[in-house]
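By convention in this document, chain letters (A, B, ...) are assigned in the order of the sequence lines, proteins followed by strands, and residues within each chain are numbered from 1. Atoms considered below: every heavy atom in the structure, side chains included; atoms not considered: hydrogens, waters and symmetry mates.
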Number of protein chains: 2
Amino acid sequence: MAQKQENLSKNQKIVLDIIEKSAQPMKAYSILFNVQKKGLKAPPQVYRALDKLVEIGKIHKIESRNAFIACRNSACTIANATAFSICESCEDVKEISSSKLSKYLSNFQDKEGMKYNKYNLEFFGICKKCK
Amino acid sequence: MAQKQENLSKNQKIVLDIIEKSAQPMKAYSILFNVQKKGLKAPPQVYRALDKLVEIGKIHKIESRNAFIACRNSACTIANATAFSICESCEDVKEISSSKLSKYLSNFQDKEGMKYNKYNLEFFGICKKCK
DNA sequence: TATAACTTTGTAATAATATAACGTAAGAAA
DNA sequence: TTTCTTACGTTATATTATTACAAAGTTATA
């Protein structure tokens, strides 16, 4: 089951809250700037919260953008199988939830038969609005 | 066709050379340190070369590691469809070349029928050696 | 040739992203 | 209580990447 928000620490709640309110991925220092009025003054406070939230699957890191996005899936403990759609024009990012895709990738084996416990996939293109 | 190495600038050749000699992904500042005896003294010289080499597909960036690896594929202009296997224990990284996987992902459409011109996939697990 | 346009280079400075280290405090467990 | 663990606050620093600008080299072509 998903970890409940009540189990989160104060700083973790603050950071998650601001990320959830953002439609788009947020950068760590943008988060920091936004939570300074709430008492989080230094980078480690933000990064610690981010680390934990990523770990429990409440947020995901968009690696190619060094930014963090809230997980909108109901079962958002799935921190180990993520896929995103990124518009290279407007930088709009959406999480892709395709059970077909996730099944395909979770079962993927390489030539030596190695299986993986985790993956991250980022698709790039131009979204409809930008076309 | 793949851009020939002869078309590369001096700095691009130097940087590509050192990455190709490394079995593992190299970080930008590690590259910088290693090429200082060859006259590349400052970060922009390295980053410019890296940018170009990524663009033409001679190297790829491992986003989750902020590191760069030489492309071993014969047709290494394919900068737009990359997949890697990363061992979370020894940090060994291998490029995955599975035509089945690349076909599947290149043809992937999301719910709105959007197609993508580029993707990057990173698999994580524990490699055989580390098991 | 020359001269403009463009690309690449070198360099200094700085921006942006992330972590180390250390001591304190608060809560859970024994 | 004592111990253990987790979280917190803080300072400093490490790491990754870009901006800005002038100089040098290349290419195109008048």
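- Partner of A:Tyr116 under the side-chain hydrogen bond (donor to acceptor under 3.5 Å, both in side chains) criterion, out of A:Asn80, A:Asn107, A:Asp110: A:Asp110 alone.
- One side chain, A:Gln24 or A:Asp92, offers a donor N or O that lies under 3.5 Å from an acceptor on the other.
- Close to D:dT16, at under 4.0 Å from its OP1 or OP2, lies a side-chain N or O of B:Lys27.
- Between D:dC8, C:dT11, C:dG10, one nucleotide has an atom nearer to the side chain of A:Asn11 than all others, and that is D:dC8.
- The nucleotide whose nearest atom lies closest to any side-chain atom of A:Lys10 is, among D:dG9, C:dT19, D:dA7, D:dG9.
- The CE-C1' distance, from B:Met26 to D:dT15, rounds to 15 Å in whole Å.
- Comparing D:dC8, D:dT11, C:dG10 by their closest approach to the side chain of B:Arg48 singles out C:dG10.
- B:Lys61 has a side-chain polar atom (N or O) that falls below the 4.0 Å cut-off from OP1 or OP2 of D:dA17.
- Protein atom CD1 of A:Ile14 is 13 Å distant from nucleotide atom C1' of D:dG9, rounded to whole Å.
- Closest to the side chain of B:Pro44, from the set C:dT11, C:dA18, C:dC22, is C:dT11.
- The separation between B:Asn7 atom CG and C:dT8 atom P is 11 Å, rounded to whole Å.
- Straight-line distance from the CG atom of B:Leu40 to the C1' atom of C:dT8: 12 Å, rounded to whole Å.
- Side chain to side chain, B:Glu122 and B:Asn120 meet the donor-acceptor criterion of an N or O pair below 3.5 Å.
- Regarding A:Leu50, its CG atom lies at a distance of 18 Å from the P atom of C:dA16, rounded to whole Å.
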(Q) A:Ser64 vs A:Ile86, test: side chain to side chain contact (heavy atoms under 4.5 Å, CB included). Steps then yes/no. (A) CA-CA 10 Å; A:Ser64 65; A:Ile86 303 171; 3.7 Å; yes
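- B:Tyr29 contributes a side-chain N or O that forms a donor-acceptor pair with the base of D:dA17 under 3.5 Å.
- Remark: A:Ser9 is in phosphate contact with D:dC8, judged by side-chain N or O atoms under 4.0 Å from OP1 or OP2.
- Taking only side-chain atoms of B:Tyr47, from C-beta outward, the nucleotide of C:dA20, D:dA17, D:dG9 with the closest atom is D:dA17.
- Nearest to the side-chain atoms of B:Ala28 among the listed nucleotides C:dA18, D:dA17, D:dT10 stands D:dA17.
- Summary of the strand contacts: B:Gln45 and B:Asn66 both lie near DNA chain C, and taking for each the nucleotide with the nearest heavy atom, the more 5' one is attributed to B:Gln45.
- Straight-line distance from the CG atom of A:Leu32 to the P atom of C:dT19: 14 Å, rounded to whole Å.
- Relative ring orientation between A:Phe123 and B:Tyr119 is described as perpendicular, the plane-to-plane angle rising above 60° on a 0-90° scale split at 30° and 60°.
- If you measure from atom CD of A:Gln12 to atom C1' of D:dC8, you get 11 Å, rounded to the nearest angstrom.
- Atom CD of B:Glu63 is separated from atom P of C:dA18 by 12 Å (rounded to the nearest Å).
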